[in-house]
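Working notes, beginning with the structure itself.
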Amino acid sequence: APGVNANGQRNTQGRVTSTYYSPTLGKGIAMALVKGGLTRKGEVIERTKLDGGTVQARIVDPVFYDKDGEKQNV
């Protein structure tokens, strides 16, 4: 979020709860709690990494792969 708190740290919009590498998608994915997340689908946000750098992430629907369950019926 824009701005900094009283300690000079960047304001946050939420928290990453878990990260994984998806071999199906060929990239990393993460689950996070984001303020107003369900209303922000499609928005790209910036997240701070442990080394101080940043990475961009897109907010997507919680069910983003095989939404209709077709893969289980192969």
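No hydrogens, no waters, no symmetry mates; every other heavy atom, side chains included, goes into these values.
Atom OH of Tyr21 has more than 12 heavy atoms from other residues, nucleotides or ligands within 6.0 Å.
Contact between Thr19 and Ala30 at its shortest, heavy atoms only, is CG2-CB, 3.7 Å.
None of Leu33, Ile59, Ile45 except one satisfies the side-chain contact (heavy atoms from CB on, under 4.5 Å) rule with Gln13; the exception is Ile45.
Grouping the Ile, Leu, Val, Met, Phe, Trp and Tyr side chains by contacts below 4.5 angstrom, directly or via other members, places Tyr20 with Leu25. Note: the hydrophobic cluster containing Val60 also contains Ile29 (ILVMFWY, side chain heavy atoms under 4.5 Å, direct or indirect links).
Judged by distance alone, with hydrogens and angles left aside, the side-chain atoms of Arg58 form no donor-acceptor pair with the main-chain N or O of Glu43 at under 3.5 Å. Panel note: side chain Asp51, backbone Gly53; a donor-acceptor pair is recorded below 3.5 Å. In terms of modelled atom types and a separation under 3.5 Å, the side chain of Asn5 and the main chain of Asn11 share no donor-acceptor contact.
Once rounded to the nearest 0.5 Å, the distance linking OG1 of Thr54 with CZ of Arg47 reads 10.0 Å.
Clustering of Ile, Leu, Val, Met, Phe, Trp and Tyr by side-chain heavy atoms under 4.5 Å joins Val44 with none of the others.
Checked against salt bridge (charged side-chain N to carboxylate O under 4.0 Å, His left out), Lys35 has no partners two or more places apart in sequence or in another chain.
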